A.B. asks: 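If you scroll down you'll find the structure; I have some questions about it.
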Amino acid sequence: MLPQLGLAAPVICGISFDTNETSSDGFCWDATTFGGFNYPVNKHKDFVSSENLWGERLQYIEKDGKDKLGKNNPGNHVIGEGELVYSTRQFSNKYELVSSLGLNANITPAELGGMFYYKLPWFGKPYATVNNDPTQLANIVITQGSSDKKTLKAGDIWDLGKGYSLIVNQVDVEGNKVWFSLSKKGEELESGIVNTDGTVEDQIFTATADFGDGKDQLYFITYVDSVFVSATDSVAVFKYTWLIDKDDILIIENGDEYQGFEVKETSEDGIVLENSKSITLNLDKDVKNYFTDSWYFQTSDKGKGSSSPSGYIILPAKELDKPGNYTLRGVPVDTAVTSADGFSWDATTFGGFNYPINKHKDFVASKNWWGERLQYVESDSQNELGRNNPGNHVIGEGELLYSTRQFSEKHKVVSELGLNANTTPSELGGMFYYKLHWFGKPYVTVDNDPTQLANIVINQDSKDKKTLKAGDIWDLGKGYSLTVNQVDVEGDKVWFSLSKNGEELESGIVNADGTVESQTFTATADFGDGKDQLYFITYVDSVFVSATDSVAVFKYTWLIDKDNVLVIENGDEYQGFEVKETSKDGIVLKNSKSITLNLDKDKKNYFTDSWYFQTSDEGKGSTSSNGYVIYPATDITVEDKNATESERNNTITEEANVTDTVSIVNESESISPDHRTTSTSEASFEDSEENNNHPEEGAGEGSSVKLPGFGILSGILGIIACLALRKKRVNLLSKVKI
């Protein structure tokens, strides 16, 4: 579950680039590397592998010789006017009726005008083109998936969306007929009687109209699969329904401006736009650099790239601001072109994993990397995955490895106050604590032991603060609460208590007008196998008189659940994986049973309780007739922001890494699955300001021993498709081949 929108909205992210290592023509994203773009998996070949690429691209193209982005000038953070190019190309799409019933050109009903219609993705949303013209776009109201059906009885009204509705007037079971009407906002547009006991032509109903610049254009299809008697009434079953909004056409012309971009080129194949104003990036992991209404560039802090002190990490992102169900995916891999050792995903290529952007170097670029990995490792010389056997869809027992490594994290009170080893209060036991990501969720290790994990209850972000007056109770989550007993403004003091389930654990008086030591309160306890372990920190920033009362301001609060420690041992099973290796650095697990993939773009092949492999249909890879595309995915829910405050608190304090396909709109191929998402700056673009080698404490992670079973996995996937764009400036719009 994601945090409530009122607290921190989830985002979907593109693949990240390091300005230290990426040439100026390498900053580009396509449908496989940015989830804000529409990605129909069965069209992978034409979207990323063909000469005439379909779909959307976002690319940096240096023009004026100034402020070039990339390794020649890693600290530059200015994208000049016209240097950010967004391009989109229309593509053909079979009507669901045609594909699901296996129709060909000879038996497709003439009313459809052919087997295909055209789509154009426009800023992440798929539209239908009017008369196959990409400059005239109609909203897709509904497309029933191949397995979807709608059962209606006489009198039922089916709300199709956008004011359209289908009303069943009468069902004649004996005559195998149904009479229904299509209306918009209560006004009937079409009416027909369909016979369900005949040919395909008999069972379909279509509607046409003049709209856009097109005459007699198809805008509605439905198919009556059957009529029958239910327990209470006679009903009809509708399938393959397709509807576009004929009354709301978007017209695109050269010179038009859309969300900070100007239309530069239009043709029968697609559209090219460029940013109309320069973009100066704020190099701060907590700042969103918007370049459209909803898309923005997220960067790390300056100097957090792999080498240069001025380099940084950059990726495009989109905030999900509407409640609904979403799917987060990893970068797709094509079995027809990928070797067996190429099926691997890390924090930058699968959003189910937690990705602290400021730790990019150590998560993906160092030899002894941190964080999570999912990797296929062929072990028995049978059913090898990949190009040597592109049609194989069996992952043998023990061939899917999930591995995770702990990493250091500065306490917020340390990083935000700029403390060092000499000025950090001794009660903290040091500047750092350790985290381990476990199936996408960050935990704190007990006594720095990755096999003992404590839930993070709350970790106040650098900009967060909590203002409380005497008598106020702050619900921290998991039963913990902080109660302000008294605020003494004259003495700059506050007296408060920490409790769990109503039982007081600690109590203290903090002076808010003194040193860091006097303003910081900590609590320790024995838990797990650790003695006198730190589990609570808070910092009283100030006390003051408000309009009505004396109040205290709390910041940098950090709390872990000392009473609920997860202990991991060799041989344990977790969500279909068995723990094979544990060490001071991390854990390796392998699938305990073989996984047989169902090669169907609409099927989910679960390999944990919430993670699954999504594939294309067989033969939809780039070359082989039986190759396919595969990626890991996970589903999440964005709750309504009107949820109760208590629900919100309970959600955010768990620091769950959120995982995130764009809202499901009854259209299986219009879903825009997202390669990475995160919920909050804490979960995704996690802190911190620390030097990764910790020279101040003499405890550098660079010296960690290589963890058995952790191979050096492949880095960023999907770059080949973008690099192909180096040869294409605005040649993107040559003739589409169907």
Side-chain angles (χ1 to χ4, degrees), residues 12 14-15 29-50 53-57 88-96 99-100 116 119-121 124-126 140 143 145-148 325-338 342-343 345 349-352 385-386 390-391 393 597-607 611-635 659-677 717-718 720-722:
I12 58 175
I15 203 165
W29 295 267
D30 62 22
T32 67
T33 55
F34 177 36
F37 293 155
N38 183 255
Y39 175 61
V41 65
N42 265 6
K43 298 187 183 297
H44 177 91
K45 175 180 177 181
D46 294 293
F47 264 61
V48 301
S49 303
S50 68
L53 301 169
W54 296 350
E56 299 166 282
R57 295 291 188 280
T88 180
R89 278 182 142 187
Q90 70 171 340
F91 60 96
S92 61
N93 208 81
K94 271 187 183 179
Y95 293 108
E96 197 64 59
S99 58
S100 293
F116 301 88
K119 284 184 181 178
L120 183 100
K125 179 180 176 181
I140 301 171
T143 293
S146 58
S147 59
D148 295 340
N325 299 318
Y326 298 86
T327 298
L328 163 69
R329 63 171 172 83
V331 171
V333 179
D334 185 345
T335 64
V337 298
T338 307
F343 295 86
W345 294 267
T349 55
F350 177 37
L385 215 60
H393 52 100
L597 302 169
N598 184 329
L599 300 187
D600 185 326
K601 67 180 176 61
D602 295 324
K603 300 296 182 184
K604 300 176 181 180
N605 300 277
Y606 281 92
F607 59 92
W611 292 347
Y612 57 89
F613 282 119
Q614 185 68 65
T615 75
S616 67
D617 294 338
E618 184 178 11
K620 292 298 183 178
S622 59
T623 54
S624 168
S625 60
N626 55 358
Y628 57 94
V629 176
I630 181 174
Y631 55 83
T634 186
D635 298 329
T659 49
D660 169 289
T661 283
V662 174
S663 303
I664 296 175
V665 280
N666 294 331
E667 185 179 4
S668 60
E669 288 280 56
S670 77
I671 294 172
S672 175
D674 312 317
H675 116 257
R676 265 202 326 103
T677 72
L717 304 176
I720 295 175
C722 278

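What you see is a predicted model; the values in this text were computed from it and never measured.
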A.B. asks: What residue among V41, T32, V333 forms side chain to side chain contact (heavy atoms under 4.5 Å, CB included) with Y631?
C.D. replies: V41
A.B. asks: Do you know the tightest heavy-atom contact between V629 and P332?
C.D. replies: CG1-CB, 3.5 Å
A.B. asks: Indicate the atoms forming the closest heavy-atom contact of A31 with F47, along with that distance.
C.D. replies: CB-CD2, 3.8 Å
A.B. asks: Roughly how far apart are N626 CG and E618 CD, rounded to 0.5 Å?
C.D. replies: 5.5 Å
A.B. asks: Please round to the nearest 0.5 Å and tell me the distance separating atom CD1 of I15 and atom CG of D30.
C.D. replies: 9.0 Å
A.B. asks: Just jot down the ring pair (Phe, Tyr, Trp, His ring centres under 6.0 Å) partners of Y95, sequence neighbours excluded, or say none.
C.D. replies: Y117, W242
A.B. asks: To the nearest 0.5 Å, tell me how far T615 OG1 sits from N42 CG.
C.D. replies: 8.5 Å
A.B. asks: Verify side chain to side chain contact (heavy atoms under 4.5 Å, CB included) between F343 and T338, making sure each step is shown before the conclusion.
C.D. replies: CA-CA 7 Å; F343 295 86; T338 307; 3.9 Å; yes
A.B. asks: For R89 versus P121, what's the shortest heavy-atom pair and its separation?
C.D. replies: O-CD, 3.8 Å
A.B. asks: Parallel, tilted or perpendicular: which describes the rings of F607 and W611, with under 30° parallel and over 60° perpendicular?
C.D. replies: tilted
A.B. asks: Distance check, rounded to the nearest 0.5 Å: Q614 atom CD versus T327 atom OG1?
C.D. replies: 8.0 Å
A.B. asks: Could you please spell out the steps behind the side chain to side chain contact (heavy atoms under 4.5 Å, CB included) verdict for Y628 and K620?
C.D. replies: CA-CA 5 Å; Y628 57 94; K620 292 298 183 178; 5.8 Å; no
A.B. asks: Looking only at atom types and distance, does a side-chain atom of D334 sit under 3.5 Å from a main-chain N or O of G621, one as donor and one as acceptor?
C.D. replies: no
A.B. asks: Mind checking the CD1-NZ spacing from I140 to K119? Nearest 0.5 Å is all I need.
C.D. replies: 5.0 Å
A.B. asks: If you look at every heavy atom in N38 and F91, which pair is closest and at what distance?
C.D. replies: OD1-CZ, 4.3 Å
A.B. asks: Is there a side chain to side chain contact (heavy atoms under 4.5 Å, CB included) between K604 and D635 once you walk through the steps?
C.D. replies: CA-CA 10 Å; K604 300 176 181 180; D635 298 329; 2.6 Å; yes
A.B. asks: Which atoms form the tightest heavy-atom contact between S92 and W54, and what is the distance?
C.D. replies: OG-CH2, 4.0 Å
A.B. asks: How many angstroms lie between atom CZ of F37 and atom CZ of R57, to the nearest 0.5 angstrom?
C.D. replies: 8.5 Å
A.B. asks: Under the criterion side chain to side chain contact (heavy atoms under 4.5 Å, CB included), I'd like the reasoning laid out for K43 against N93: C-alpha separation, chi angles, the key distance, then a yes or no.
C.D. replies: CA-CA 9 Å; K43 298 187 183 297; N93 208 81; 3.2 Å; yes
A.B. asks: What pair of heavy atoms forms the shortest contact from W345 to V331, and how long is it?
C.D. replies: NE1-O, 2.8 Å
A.B. asks: Could you pull out all residues at least two apart from S625 that satisfy side-chain contact (heavy atoms from CB on, under 4.5 Å)?
C.D. replies: none
A.B. asks: Do I630 and L597 make a side-chain contact, defined as non-hydrogen atoms from C-beta onward lying under 4.5 Å apart?
C.D. replies: yes
A.B. asks: Which residues pass the side-chain contact (heavy atoms from CB on, under 4.5 Å) test with K603, not counting sequence neighbours?
C.D. replies: N598, D600
A.B. asks: Any donor-acceptor pair under 3.5 Å linking the side-chain atoms of D602 with those of S146?
C.D. replies: yes
